[in-house]
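One structure is given below, encoded as structure tokens.
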Amino acid sequence: MLAHRNAATSIACRFFNSLYRLHASKPTISGKRCSHTLPSIPKRSPSPGDSVILAMSGGVDSSVSAILLKEQGYKVQGVYMRNWDTSDERGVCTSEEDYRDVQSVCDTLDIPCRRIDFTKEYWNQVFQKTLDDYERGVTPNPDVMCNREIKFGALLERCMSSSPSAAGAETWFATGHYARIDRSKGVTKLLRGLDASKDQSYYLSAVGEQAFSRVMFPLGHLPKTRVKELALHHGLDSIVKKPESMGICFVGKRAKFADFLAQYIHAPPGPAVDLHDNIIGQHRGLFAYTIGQGAHIHHGTERWFVAGKDVASNKLICVPGTDHPSLFANRLTARDWIWINGEPPELSQMNGCLVLDGQVRYRQSSIKCTITKTSESHYDVKFVSSIRGIASGQNVVVWNGDWCLGGGIIDTIDTPTL
Ligand SMILES: Nc1ncnc2c1ncn2[C@@H]1O[C@H](COP(=O)(O)OP(=O)(O)OP(=O)(O)O)[C@@H](O)[C@H]1O
């Protein structure tokens with residue numbers, strides 16, 4: 001059980017929050033990374049004439065980013081990352097087609113482009129970990145992992161080491177993410193994208209400040225509708241019509257995700273049980289379910305929803321009705337926490353806590369929450385109201401206004417009736 005807090009602590013929270021705002025003006029470089037060499041810190045902000053290496057996927061967002069950067073006077077180079085081996089017929093990657101689209105946009109804009117192979121890195125640092133997590137019964141977020149380890153890890157490192165800045169110039173790394181970088185007051189902050197419906201700062205929350213110091217997000221201030229208009233205006237009709245990628249490029253539609261994973265995961269079927277351990281049906285393998293989703297169990301007249309997984313006994317725990325209390329929780333613990341700009345100093349003090357805006361998934365309105373440190377990289381997060389379907393393995397991410405401070409991986413969830 002998580003510790004209860006008293007009124008004195010919440011007064012302390014407000015005090016610490018004001019301290020935090022003061023701290024925000026101090027430069028800090030943080031964000032742990034596995035094994036990548038971090039880019040050197042630039043001496044100034046981006047300015048026309050600088051080189052920009054733009055990660056291009058063949059989609060509309062990175063293509064329009066190329067157009068905008070070129071128009072703004074940057075020397076742009078496109079880089080396409082191949083991250084799935086298309087010879088593996090289990091995948092449905094469109095890698096070759098995407099690279100042709102990148103080449104065609106680069107030809108039109110008269111900018112160079114190249115392809116880099118990261119299939120091994122992607123497999124080891126993202127896909128294998130994703131499979132391991134599913135096998136452990138948790139629901140990972142490979143997109144967050146991919147941004148940390150691949151796009152703003154291995155790819156950023158490769159791009160920076162292959163294109164050192166010429167004297168007086170700086171080299172930057174850009175992507176088509178909907179997020180913004182603020183470099184005022186000596187701190188590099190990750191901010192939400194201005195288009196709230198597209199903001200991708202959630203997915204970028206595990207990347208550290210030093211990586212962001214070299215990053216540009218040309219679309220962060222634009223609504224998606226405007227980006228599509230710009231693409232059409234520049235004759236990119238066929239790219240606008242392409243289906244949006246879902247992060248894991250090779251998986252096609254999310255609906256088939258469980259079928260796709262089933263080819264790589266050994267997770268046998270087993271019993272689906274109610275809260276009293278009565279068997280109500282069969283599940284196809286625990287990996288195929290996430291907390292809060294419909295369980296596809298036909299038992300009685302109610303619809304059943306997934307409330308938990310008992311991995312040791314291979315049981316799927318289900319509850320009747322979409323509003324069942326066991327589907328809701330307002331408290332969780334998180335591990336492997338990353339503060340993009342360093343840990344706010346007040347959290348390391350006795351009973352130190354912060355009140356911030358938090359999300360436990362990408363598509364969720366943020367909710368006020370109190371963060372308390374429990375041990376190194378471990379935090380307690382308590383939301384002011386309950387959230388349905390919090391899943392361990394997913395990321396809890398926190399913001400102070402538009403400023404994304406970081407987040408951690410959800411470890412335990414304090415569900416009252418489970
Ligand atoms: N295979 C890839 N090679 C290089 N960069 C990539 C690749 N896939 C994604 N990116 C970069 O990451 C950004 C975000 O990708 P994501 O798939 O999350 O979003 P998206 O909105 O579908 O982007 P896009 O429209 O550019 O495909 C892209 O805009 C691009 O800059």
Side-chain angles (χ1 to χ4, degrees), residues 52-69 76-86 91 93-106 111 113-119 121-123 126-127 141-159 172-181 190 193 195 197-207 211-212 214-220 222-228 230-232 234 236 238-254 362-363:
V52 181
I53 301 168
L54 171 66
M56 296 181 71
S57 61
V60 66
D61 295 327
S62 42
S63 301
V64 171
S65 299
I67 294 168
L68 293 178
L69 287 167
V76 188
Q77 304 166 43
V79 58
Y80 175 79
M81 180 178 61
R82 181 171 175 266
N83 57 15
W84 190 253
D85 186 352
T86 35
C93 190
T94 52
S95 179
E96 290 303 321
E97 191 188 317
D98 287 342
Y99 186 52
R100 272 196 298 276
D101 287 337
V102 170
Q103 287 175 307
S104 141
V105 172
C106 290
I111 60 176
C113 73
R114 65 189 154 131
R115 173 162 46 177
I116 300 185
D117 194 298
F118 277 120
T119 47
E121 288 83 351
Y122 192 87
W123 182 281
V126 179
F127 193 58
N141 194 320
D143 299 339
V144 175
M145 271 191 250
C146 178
N147 280 329
R148 177 178 173 75
E149 299 299 333
I150 307 296
K151 286 182 193 164
F152 298 91
L155 180 63
L156 172 64
E157 178 185 3
R158 181 83 66 89
C159 290
W172 307 92
F173 176 76
T175 68
H177 284 99
Y178 288 81
R180 288 172 295 151
I181 295 288
L190 172 67
D195 182 344
S197 68
K198 284 297 296 177
D199 163 46
Q200 291 175 307
S201 55
Y202 177 92
Y203 291 122
L204 298 165
S205 58
V207 177
F212 284 135
R214 285 272 164 202
V215 167
M216 296 171 73
F217 295 126
L219 305 188
L222 291 176
K224 178 83 182 194
T225 46
R226 179 70 189 134
V227 171
K228 280 191 180 158
L230 284 168
L232 293 172
H234 286 85
L236 303 181
S238 61
I239 286 179
V240 172
K241 285 191 200 117
K242 278 171 80 167
E244 289 230 4
S245 82
M246 302 300 271
I248 303 183
C249 88
F250 49 84
V251 182
K253 292 196 190 105
R254 274 268 195 248
Y362 175 55
R363 293 244 172 253

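Whatever order the structure lists them in is the order used to number ligands and atoms, beginning at 1. Everything quoted here is computed from the prediction, not taken from an experiment. One is the number of the first residue; the rest follow in order along the sequence.
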Does Gly176, backbone or side chain, put an N or O under 3.5 Å from an N or O of ligand 1?
-> yes
Lys151-ligand 1 polar pair, N/O distance under 3.5 Å | yes
Answer yes or no: does an N/O atom from Ser62 fall short of 3.5 Å to an N/O atom of ligand 1?
-> yes
With Leu155 as reference, evaluate Asn83, Val79, Thr175, Ile53 under the side-chain contact (heavy atoms from CB on, under 4.5 Å) test and give the passing residue.
-> Val79
Given Ala231, Ala55, Ser65, which has its nearest heavy atom closest to atom 5 (N) of ligand 1?
-> Ala55
Quick check: does Tyr178 get an N/O under 3.5 Å from an N/O on ligand 1?
-> no
Could you tell me whether the side chain of Gln200 reaches within less than 4.5 Å of the side chain of Tyr178, counting heavy atoms only?
-> yes
Residues Lys224 and Asp61 bridged, charged N to O under 4.0 Å | yes
NZ/NE/NH1/NH2 to OD/OE distance under 4.0 Å, Glu157 and Arg214 | no
In ligand 1, which numbered atoms sit nearer than 4.0 Å to a non-hydrogen atom of Gln200?
-> 18 (O), 19 (O)
Do any N or O atoms from the side chain of Asn147 and from the backbone of Tyr203 form a donor-acceptor pair under 3.5 angstrom?
-> yes
Ion pair present between Asp101 and Lys242, side-chain N to carboxylate O less than 4.0 angstrom?
-> yes
Should you measure from each heavy atom of Val79, which atoms of ligand 1 turn up under 4.0 Å away?
-> 4 (C)
Mode of Asn83 contact toward ligand 1 - side chain, backbone, both, neither (heavy atoms, under 4.0 Å) = neither
Ligand 1 contact by Asp143, heavy-atom criterion under 4.0 angstrom | no
Per-atom contacts of ligand 1 with Tyr80, taking only distances under 4.0 Å to non-hydrogen atoms = 1 (N), 3 (N)
Under a 4.0 Å heavy-atom limit, does Arg82 contact ligand 1 with its side chain, its backbone, both, or neither?
-> neither
Considering the heavy atoms of Thr175, write down every atom of ligand 1 situated less than 4.0 Å from one of them.
-> 31 (O)
State, yes or no, whether a side-chain contact exists between Cys113 and Met56 at a heavy-atom distance under 4.5 Å.
-> no
Side chain proximity check, Ile67 to Leu236, heavy atoms < 4.5 angstrom | yes
Walk me through it: do Ser95 and Tyr80 pass the test side chain to side chain donor-acceptor pair (under 3.5 Å)?
-> CA-CA 9 Å; Ser95 179; Tyr80 175 79; 3.3 Å; yes
Between Ala174 and ligand 1, does any nitrogen or oxygen pair lie at a separation below 3.5 Å?
-> no
